[in-house]
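Everything on this sheet refers to the single structure shown next.
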Amino acid sequence: MGVESAVYQVVPAAGTSDAYVSALLDIGAERRGERYLVLRGRRHWIDLEVDMPAPSVGIRVSFTNPADVVSEISQLFDALARVGTAKIFDPTGKRRFSVEDGTLVEELLADFVRRREVFQRYFGPFEAAVSAQDVFRLMHERSADS
């Protein structure tokens with residue numbers, strides 16, 4: 001996790017990792033290799049990494065995504081909750097939440113919004129639906145073009 005993104009780690013119950021991958025594909029995620037997927041649209045980009053055999057799903061969302069990416073994150077957590085029991089580790093790794101507990105998921109979303117606002121105040125109102133790994137390169141390119 002860097003200053004440019006929020007990272008969540010979803011740890012599914014034993015034996016459900018294939019179901020989680022299916023759920024991600026069902027909501028529109030695209031494969032980007034054996035372990036990597038991306039959930040993207042015109043206004044959002046969410047990097048996903050599935051770690052096997054110890055099943056976990058890494059979710060990385062750059063703060064340059066438009067503010068309405070929060071609804072995509074919420075839908076992502078909802079899709080994972082429909083598969084079954086899982087734990088979500090917050091961006092600091094210090095707290096765990098149950099993916100089925102909507103109140104706690106709302107806490108994570110509120111934290112994302114707050115951290116996104118801090119990023120925007122510090123780096124300026126840069127918005128782009130891009131992978132977190134490309135954020136600073138694109139910001140540099142845009143500032144060089146100005």
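To the nearest 0.5 Å, atom CD of residue Glu30 and atom CG of residue Leu48 are 10.5 Å apart. Annotation: the span from Arg60 atom CZ to Ser131 atom OG amounts to 6.5 Å, rounded to 0.5 Å. Taken to the nearest 0.5 Å, the CG atom of Leu109 stands 6.0 Å off from the CD1 atom of Ile73.
Considering all non-hydrogen atoms of both residues, Ser5 and Arg115 come closest at O-NH2, 3.5 Å. Taking both residues in full, the closest heavy atoms of Ala29 and Leu37 are given as CB-CD2, 4.0 Å, listed atom of the first, atom of the second, then distance.
By the side chain to side chain donor-acceptor pair (under 3.5 Å) test, Arg31 pairs with no residue at all, sequence neighbours left out. Among residues two or more places apart in sequence or in another chain, the side chain to side chain donor-acceptor pair (under 3.5 Å) test is passed with Arg42 by none. With sequence neighbours excluded, no residue satisfies salt bridge (Lys or Arg N to Asp or Glu O under 4.0 Å) with Glu72. Arg82 pairs by the salt bridge (Lys or Arg N to Asp or Glu O under 4.0 Å) definition with nothing, not counting sequence neighbours. With sequence neighbours excluded, the residues satisfying side chain to side chain donor-acceptor pair (under 3.5 Å) with Ser62 are Thr64, Asn65. Every residue meeting the salt bridge (Lys or Arg N to Asp or Glu O under 4.0 Å) condition with Arg43, not counting sequence neighbours, appears here in chain and number order: Asp68.
Legend: salt bridge (charged side-chain N to carboxylate O under 4.0 Å, His left out) pairs involving residues 123-134, not counting sequence neighbours, sorted by first then second residue: Arg116-Glu127, Asp134-Arg137.
Centroid-to-centroid, the aromatic rings of Tyr8 and Phe112 stay 6.0 Å apart or farther.
With a 4.5 Å cut-off between side-chain heavy atoms of Ile, Leu, Val, Met, Phe, Trp and Tyr, the cluster of Trp45 takes in Val38.
Arg32 and Glu49 are not joined by a salt bridge, as no carboxylate oxygen comes within less than 4.0 angstrom of a charged side-chain nitrogen.
At a threshold of 4.5 Å between non-hydrogen side-chain atoms, the residues Ile46 and Ile59 count as touching. Taking 4.5 Å as the limit, every side-chain heavy atom of Val50 sits out of range of all side-chain heavy atoms of Tyr20.
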Could you go step by step and tell me if Leu24 and Leu39 meet the side-chain contact (heavy atoms from CB on, under 4.5 Å) rule?
CA-CA 8 Å; Leu24 295 171; Leu39 185 60; over 6 Å; no

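Tyr36 and Val61 are assigned to two separate hydrophobic clusters, defined by single-linkage of ILVMFWY side chains at heavy-atom distances under 4.5 Å.
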Could you tabulate the donor-acceptor pairs under 3.5 Å formed by side-chain atoms of residues 118-126, not counting sequence neighbours?
from   : atom 1 : to     : atom 2 : distance (Å)
Gln120 : NE2    : Phe63  : O      : 3.3
Gln120 : NE2    : Phe126 : O      : 3.1

